[in-house]
Amino acid sequence: MSTYTAWSAWRSARCTAAPCEAERRRPAVWRAALLRQVGQATPGAARALARQALDPEAPLNQADLDGPLAMLDRRADCDDFEAVSLVHLW
């Protein structure tokens with residue numbers, strides 16, 4: 001993952017704080033911190049993907065699926081991104 005992509009994901013993941021400079025230099029630490037933050041964020045596909053990355057045996061939470069499925073039902077703009085996330089969770 002490029003630095004730009006990683007920073008963009010951090011910024012859009014509704015996290016409480018950006019990583020400190022030391023964390024940005026250590027990708028494994030930075031990735032783990034990002035996954036923990038997103039895994040505790042608001043329900044959605046990103047939270048479900050983060051939780052699965054941290055613990056592949058963790059059960060899916062229905063609240064994480066409700067938003068993406070509703071977007072697909074409405075054929076909302078950007079629902080294709082939600083569809084890709086759901087495929088990865090499947």
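Side chains are part of it too, since the values below use all heavy atoms of this structure and drop only hydrogens, waters and symmetry mates.
- Between atom OG1 of residue Thr42 and atom CG of residue Asp64 there is a gap of 9.0 Å, rounded to the nearest 0.5 Å.
- Heavy atoms from other residues, nucleotides or ligands lying under 6.0 Å from CG of Asp77 number 12 at most.
- Atom CZ of residue Arg47 and atom CG of residue Leu65 lie 10.0 Å apart, to the nearest 0.5 angstrom.
- Nearest approach of Pro68 to Glu82, heavy atoms of both residues: CG-OE1, 3.2 Å.
- The CG atom of Leu72 sits 6.0 Å away from the CG atom of Leu86 when rounded to the nearest 0.5 Å.
- Here the CZ atom belonging to Arg31 is positioned 11.5 Å from the CZ atom belonging to Arg36, to the nearest 0.5 angstrom.
- The line from CZ of Arg51 to CG of Leu60 is 10.0 Å long, rounded to the nearest 0.5 Å.
- Leu49 has its side chain within reach of Ser85: a pair of non-hydrogen atoms, C-beta onward, lies under 4.5 Å apart.
- Atoms CG and CD, from Leu69 and Gln62 in turn, are 7.0 Å apart once rounded to the nearest 0.5 Å.
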**OP:** Show your working on side chain to side chain contact (heavy atoms under 4.5 Å, CB included) between Leu89 and Gln52 and close with a plain yes or no.
**Re:** CA-CA 8 Å; Leu89 289 168; Gln52 289 293 306; 3.7 Å; yes

